[in-house]
Amino acid sequence: MTASAPFRRADIVAHARQWIGTPYHHQASTLGAGVDCIGLVRGVWRTLYGQEPERLPGYGRDWSEATGRETLLEAAKRHFIENDLRSARAGDVLVFRYRAGTVAKHAGILATRSDEDRGRNPPGDASVFTFIHAMEGAPVTEAALSGWWQRRIAGVFQFPGIID
């Protein structure tokens with residue numbers, strides 16, 4: 001099912017949550033069958049816009065490390081609206097670096113803990129946030145945006161066409 005623009009943040013989070021439990025599979029993006037972190041973002045994009053944002057070349061687990069090129073951040077800047085962490089809201093895409101000085105190579109979608117948490121804390125208060133992501137060795141999950149993850153955020157991006 002493809003949504004129609006404009007989009008609500010709650011709809012993006014709901015689409016991302018449909019992927020929870022999908023097994024990890026490198027380079028995949030098939031709901032219920034297999035997905036990696038980029039595949040999760042691509043899958044939500046397809047639900048919203050009906051097609052891939054761009055054709056992806058095959059990529060290895062060590063992609064970008066040899067060249068140092070910020071491939072993931074460059075792609076995010078081509079298709080999303082760049083934001084900053086203080087302004088981040090549910091439905092935004094987060095891009096992470098696993099270690100300082102390395103290329104960004106992980107992504108997830110920011111979410112709230114639950115509908116009841118909305119409005120009880122100011123926007124940008126990361127303590128009320130979780131994020132939905134796929135990591136090797138585990139199915140898609142919704143995890144706390146802990147300090148460990150917050151320190152590794154390399155970019156925050158909004159899907160185009162958001163109305164709230």
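Positions are given from 1, in the same order as the sequence printed here. The analysis underlying the following values was restricted to heavy atoms, covering all of them including side chains, and did not include hydrogens, waters or symmetry mates.
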Distance-only polar pair, side chains of Gln158 and Arg89, donor-acceptor under 3.5 Å: no
Heavy-atom check, side chain of Ile12 versus side chain of Ile162, under 4.5 Å: yes
Atom of Ala107, atom of Leu72 and distance for their closest heavy-atom approach: CB-CD2, 4.5 Å
Rounded distance [0.5 Å steps], CD in Gln150 versus CZ in Phe129: 10.0 Å
Test item: Leu73 and Phe157 side chains (from C-beta on) under 4.5 Å apart, heavy atoms: yes
Backbone of Val13 reached by a side-chain donor or acceptor of Arg17 within 3.5 Å: no
Separation between CZ of Arg42 and CD of Glu54, rounded to the nearest 0.5 Å: 10.0 Å
4.5 Å side-chain heavy-atom contact, Trp19 and Ile132: no
Gap separating the OG atom of Ser29 from the CD atom of Glu52, nearest 0.5 angstrom: 6.0 Å
His79 vs Tyr49 side-chain heavy atoms within contact, under 4.5 Å: no
Test item: Glu136 side-chain N/O and His26 main-chain N/O as donor-acceptor pair under 3.5 Å: no
Spacing of CH2 belonging to Trp45 relative to CD belonging to Gln51, to within rounding of 0.5 Å: 9.5 Å
Given Leu145, Val93, Asp92, Ile109, the one that forms side chain to side chain contact (heavy atoms under 4.5 Å, CB included) with Phe131: Leu145
Donor-acceptor contact below 3.5 Å, side chain Arg97 vs main chain Ala154: no
Separation between NE2 of His133 and CG of Asp36, rounded to the nearest 0.5 Å: 13.0 Å
Main-chain N/O of Ala144 paired to Thr130 side chain as donor or acceptor, under 3.5 Å: no
Contact summary for Ala111 and Glu142, nearest pair of heavy atoms: CB-OE2, 3.8 Å
Taking every non-hydrogen atom, the tightest pair across Ala104 and Val95: CB-CG1, 3.6 Å
Verify same cluster id: Leu85, Ile81 (apolar side-chain graph, 4.5 Å): no
Interatomic distance, Ile153 atom CD1 to Leu110 atom CG [nearest 0.5 angstrom]: 7.5 Å
Other residues, nucleotides, ligands: >12 heavy atoms within 6.0 Å of Arg8 CZ: no
Considering all heavy atoms, the nearest Thr22-Gly32 contact: OG1-N, 3.0 Å
Residue pair Ala33 / Pro23: nearest heavy atoms and the distance that separates them: O-CG, 3.6 Å
Hphob cluster co-occupancy, Phe159 + Ile163, side-chain heavy atoms under 4.5 angstrom: no
